[in-house]
Amino acid sequence: MNAVYDPKTVEATAQADWDKSRVFTATESAAGEKYYALAMFPYPSGRLHMGHVRCYTLADVINRYRRLKGYNVMQPMGWDAFGLPAENAAIKNGIPPATWTQDNIAYMRGQMQRLGFGIDWSREFATCDPEYYRWEQWFFLKLYEKGLVYRKNAMVNWDPVDQTVLANEQVVDGRGWRSDAIVERREMAQWFLKITDYAEELLNDLDGMDGWPDSVKSMQRNWIGRSAGVEIDFTVAGRADAAPLTVFTTRPDTLLGATYVAVAPQHPLAQAAADEDADVAAFIESCARATTAEADLATMEKTGIATTTQVEHPLTGELLPVWVANFVLMEYGSGAVMSVPGHDQRDWEFATKYGIDIIQVIEPVDDTPCDLNTGAFVDPGRLCNSGDYDGLTSADAFAAIADALEAKQRGRRVTNYRLRDWGVSRQRYWGCPIPMIHCEHCGVVPVPEQDLPVVLPTEVEFEGVRSPLVTMESFLNVDCPKCGAPARRETDTFDTFMESSWYYARFTSPDANSPMVDERANYWAPVDHYVGGIEHAILHLLYARFFHKLMRDERLLPGDEPFKQLLMLGMVLQGGKKMSKSAGDAGDPQKLLDKYGADTVRTAMMFAAPPHQSFEWSEAGLEGALRFLKKLWTLVHDGCAAGVAADFDVAALTEDAQQLRRRTYETLAKADDDYGRRIQFNTVVSGVMELCNAVAKTKANNDHDRGAIQEALRIAVLVISPVAPHITHHLWRVLQGEGDLVSSHWPAMDEHALSQATIEMVVQVNGKVRGKIEVAADAQKAEVLTLAKSCENVSRHLDNKTIRKEIVVPNKLVNLVVG
RNA sequence: GCCUGGGUGGCGAAAUUGGUAGACGCGCCGGAUUCAAAAUCCGGUUCCUUCACGGGAGUGUCGGUUCGAGUCCGACCCCAGGUACCA
């Protein structure tokens with residue numbers, strides 16, 4: 001028999017066996033409860049990096065563990081194929097994005113197969129396949145009919161030199177990454193999906209999602225950002241007939257402290273002021289030199305300029321000045337805010353800078369001193385300088401002022417969300433075409449269903465950086481479906497988050513010819529375990545949840561949520577850098593696969609850190625993982641050298657063999673808990689390492705002992721098989737003589753093997769460990785204490801001291817408190 | 001800025017419900033085997049102190065709760081992810 005472990009042949013044989021038996025091809029009719037295990041599909045950037053290896057190995061471990069537990073598991077794989085990097089490669093190398101993408105997919109698929117993932121490749125698709133994105137176009141038109149799609153102006157990063165829209169990533173220090181030109185904020189008509197219609201449900205459903213980490217639910221809650229407040233109307237002075245200036249605030253209790261109102265540079269009042277004041281016009285123009293990124297907006301210096309326009313305070317009638325400020329954004333809310341410098345820190349800084357009045361209208365309830373010269377007092381408190389409202393708490397004043405505004409018809413209670421509608425237009429080529437037509441006579445006309453898909457032309461050449469669609473007459477020219485006159489296609493494509501929002505559903509029925517999915521979705525949905533990087537905690541997961549609800553409302557999917565259990569992975573870093581397409585070839589696992597084999601790479605990766613933790617990948621662990629697999633190989637071959645043992649009698653085992661049985665079943669119980677409940681696999685690997693060390697130290701004194709050793713090895717092999725499936729596929733045949741491990745079952749637990757006659761307890765004096773005692777498993781408290789006090793080193797620490805307290809934690813420790 | 005995490009030996013980490021800090025592995029040191037090397041096996045390895053038994057300190061910093069804190073509470077420092085057009 002093979003004395004030396006040769007990963008290459010072992011892995012090729014195992015993979016050939018799996019292919020032959022089609023064991024990973026999932027069917028709806030197979031026995032067992034269904035289990036849909038899904039890892040976030042990759043962007044085909046060129047080659048796998050170690051972050052991919054981690055993610056897909058973790059998902060495969062879950063897949064193979066569930067399989068052993070008797071589930072009917074489906075683990076698919078596909079490609080998030082549209083996106084910016086393909087265009088960059090096309091611009092750089094002159095290769096069409098479609099060709100580049102297909103080449104990358106072919107290479108990366110080969111790498112995944114080499115890693116031995118138990119994937120059902122019959123379900124594979126790429127999002128750039130017209131058969132996939134046609135249903136996305138179909139669904140978009142459905143949503144358009146339902147009024148969930150609309151068009152409005154939104155800000156983009158505009159590169160004035162390249163004459164193109166830039167992604168936030170393409171803006172470096174406020175300049176275009178190719179042109180180096182200063183980027184401008186510019187308004188452009190864009191398509192939007194009304195995700196805010198679902199804000200309440202997206203928020204509330206989080207409460208029932210027990211399979212999601214609390215941290216992710218918190219992030220999503222804060223992102224949706226529900227807040228109860230009041231909309232307040234400020235009449236523009238001298239223009240009582242015109243529409244009032246409406247603002248939203250969560251702090252109506254501070255209304256009497258408002259000393260000015262600020263509007264966005266694009267606000268009609270700002271524009272009107274600019275017409276009469278060159279300084280205001282210049283200020284507004286300077287505001288355009290900024291990016292659309294929130295982090296930039298939040299950290300930039302807050303600047304503004306006063307206008308001569310005034311508004312009336314809705315309760316006092318006092319006139320307040322209107323300022324134009326760079327931090328007020330037209331696209332959020334009404335593009336105007338009321339400013340209370342006494343009780344909002346940003347307003348305080350702005351007012352201090354420009355010498356605007358600061359009025360205190362809230363004081364601390366506990367009468368602690370509060371100095372508005374050093375900063376705003378932002379906590380709730382008790383009202384002052386607020387006339388009739390003086391003395392009310394902030395909470396009572398909220399209600400009283402809201403009532404007064406509603407009575408005067410100057411305001412109304414509203415619920416507001418931080419969440420904004422989803423802008424899905426991208427001014428890019430390599431994406432799903434938005435199925436709309438612009439007609440001079442009819443306006444916007446949807447593409448008729450029978451004309452779908454609108455296929456993206458793949459034979460293109462890039463001239464400069466602009467989308468080739470913009471100048472491609474064969475794509476652009478189309479007859480208006482309504483009036484037949486010559487019209488033009490929409491040249492924007494969808495945000496790639498559209499494709500990744502429903503791919504999990506398409507995997508259930510990847511060849512469905514009915515819209516999007518067919519009845520197989522009712523069997524497989526929802527995803528039972530979804531695995532992916534923490535960087536997707538908000539956007540991707542929120543959009544996918546939204547899409548699920550949209551598809552549910554079209555009766556395409558069952559249930560309210562797409563992902564039952566969520567495993568969020570930490571980042572794999574290399575040289576302190578995030579692994580991504582920008583990391584180039586760094587972290588390519590290919591040479592490691594060639595040198596060590598897939599099982600060693602998988603084991604080293606799983607052993608390196610628990611799944612949720614970020615860590616820096618190092619090749620240092622590979623030698624150790626290989627050493628461990630070699631050890632397992634040798635132990636199994638040696639343990640079976642005299643043949644497979646018959647059933648053994650537990651009572652006839654030597655003391656050492658009984659200890660080994662206890663270790664064996666302790667390892668099994670812990671591994672089951674780690675795999676199934678804790679989702680922590682590094683400790684499964686260390687547990688099996690410990691068991692192997694114990695096997696190596698146990699001598700077979702008789703045939704019964706030999707049976708116990710083989711039992712330990714069988715369980716070690718089964719337990720580690722999800723991590724290292726190839727070597728265990730081989731070793732299983734050595735141990736069993738026949739059958740495939742992958743079709744085998746998780747071993748049954750033997751509780752009797754765990755029982756122990758005596759237990760070791762720690763003895764502390766004043767919380768410091770001073771000794772250890774062996775006590776009978778059923779020892780009483782008094783007995784334990786007597787034993788503890790008589791312990792030599794302990795009694796030394798008790799000399800001449802009074803015991804004030806005796807604490808006994810059963811089976812763990814004794815703590816004697818002395819004074 | 002804001003939201004969410006994280007910080008434990010030379011290194012990756014373990015410690016699950018407040019109960020022995022450092023399991024397991026890497027590296028290193030010593031030994032066995034070998035003509036030699038590789039591979040393998042055995043032993044040691046938080047720091048300071050001690051011939052030794054032992055003693056002291058120790059989980060980012062400072063403070064608190066508790067018989068007992070890596071774990072809970074408060075303040076702070078640093079690092080990472082996200083921040084709506086990277087995916």
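Here is the naming used below: chain letters follow the sequence lines, and residue numbers restart at 1 for every chain.
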- request: Just compare B/rC86, B/rU40, B/rC85 and give me whichever is closest to any side-chain atom of A/R426.
  value: B/rC85
- line: Partner of B/rG1 under the Watson-Crick or G-U wobble criteria, both distances under 3.5 Å, comes out as B/rU83
- prompt: Does the pair A/D296 and A/T291 meet the rule for a side-chain hydrogen bond (donor to acceptor under 3.5 Å, both in side chains), with working shown?
  reply: CA-CA 7 Å; A/D296 291 341; A/T291 77; 2.7 Å; yes
statement: Any strand, both distances under 3.5 Å, Watson-Crick or G-U wobble: B/rU66 pairs with none
- prompt: Does A/H797 place a side-chain N or O at less than 4.0 Å from the phosphate oxygens OP1/OP2 of B/rG55?
  reply: yes
task: Apply the test side-chain contact (heavy atoms from CB on, under 4.5 Å) to residues A/F497 and A/D80: give CA-CA distance (whole Å), side-chain angles for both, the deciding distance (0.1 Å), then the verdict.
output: CA-CA 9 Å; A/F497 276 127; A/D80 189 14; over 6 Å; no
- prompt: Rounded to whole angstroms, how far apart are CD on A/E623 and P on B/rA39?
  reply: 8 Å
query: Please give, in whole Å, the distance from B/rU40 C1' to A/D638 CG?
result: 12 Å
query: For B/rG25, does OP1 or OP2 lie under 4.0 Å from any side-chain N or O of A/N682?
result: no
task: Kindly say whether, by distance alone, the side chain of A/K670 makes a donor-acceptor pair under 3.5 Å with the base of B/rU16?
output: yes
message: Can you see if the side chain of A/T496 gets near the phosphate of B/rA87 - specifically, an N or O under 4.0 Å from OP1 or OP2?
response: yes
message: Any side-chain N or O of A/R627 below 4.0 angstrom from OP1/OP2 of B/rA38?
response: no
B/rA13 phosphate, OP1 or OP2, under 4.0 Å from A/Q613 side-chain N/O: yes
task: For B/rC86, take OP1 and OP2 only and decide whether either is under 4.0 Å from a side-chain N or O of A/N88.
output: no
Pairing partner of B/rU46 (Watson-Crick or G-U wobble, both distances under 3.5 Å): B/rA57
task: Could you tell me which nucleotide pairs with B/rU40 by Watson-Crick or G-U wobble geometry, both distances under 3.5 Å, or answer none if nothing does?
output: B/rA32
message: What's the gap between B/rA23 and B/rA14 when it is taken at their P atoms, as a whole Å value?
response: 13 Å
- prompt: Can you tell me if A/Y503 and A/W79 form a side-chain donor-acceptor pair at under 3.5 Å?
  reply: no
statement: If pairing means Watson-Crick or G-U wobble with both distances under 3.5 Å, then the partner of B/rU8 is none
field: Short side-chain N/O contact from A/K217 to OP1 or OP2 of B/rC3, under 4.0 Å
entry: no
- request: Would you kindly give the CG-to-C1' distance between A/L297 and B/rG1, to the nearest whole Å?
  value: 11 Å
task: Take atom C1' in B/rG22 and the same atom in B/rG12, then report the distance between them in whole Å.
output: 13 Å
- line: Per atom distances to the A/N815 side chain, the nearest of B/rA87, B/rU20, B/rC67 is B/rC67
query: Just checking, any donor-acceptor pair under 3.5 angstrom between side chains of A/D674 and A/T683?
result: yes
message: If I pick the C1' atom on B/rU8 and the same atom on B/rC47, what distance separates them, to the nearest angstrom?
response: 14 Å
- prompt: If you measure only the distance, is there a donor-acceptor pair under 3.5 Å linking the side chains of A/T303 and A/N326?
  reply: yes
query: Which glycosidic conformation, syn or anti, is assigned to B/rG25 if syn requires a torsion within 90° of zero?
result: anti
- request: Verify the contact: side-chain N or O of A/R770 to OP1 or OP2 of B/rG55, cut-off strictly under 4.0 Å; return yes or no.
  value: yes
message: Nearest heavy atom decides the nucleotide; on that basis, is A/E760 or A/P610 closer to the 5' end of RNA chain B?
response: A/P610
- request: May I ask which nucleotide in the shown strands pairs with B/rU71, Watson-Crick or G-U wobble, both distances under 3.5 Å?
  value: none
- prompt: Between A/K772 and A/D80, who's closer to the 5' end of RNA chain B by nearest nucleotide?
  reply: A/K772
- request: Rounded to whole angstrom, note down the C1' distance from B/rC42 over to B/rA57.
  value: 32 Å
message: Distance check needed: B/rU17 C1' versus A/D673 CG, whole Å only.
response: 13 Å
query: Under 3.5 Å, side chain of A/S795 to main-chain N/O of A/E792, donor-acceptor pair present?
result: yes
field: Whole-angstrom distance between B/rU59 and B/rC72, as gauged at atom P
entry: 15 Å
- prompt: If you measure from the C1' atom in B/rG63 to the same atom in B/rC77, how many Å do you get, rounded?
  reply: 15 Å
Under 3.5 Å donor-acceptor, A/N157 side chain and A/V165 backbone: no
- request: Measure distances between side-chain N and O atoms of A/N168 and base N and O atoms of B/rC85, and say whether any donor-acceptor pair falls under 3.5 Å.
  value: no
- request: Kindly indicate whether the side chain of A/E294 and the base of B/rG1 share any N or O donor-acceptor pair separated by less than 3.5 Å?
  value: yes
Integer angstrom distance from the P of B/rG58 to that of B/rG10: 16 Å
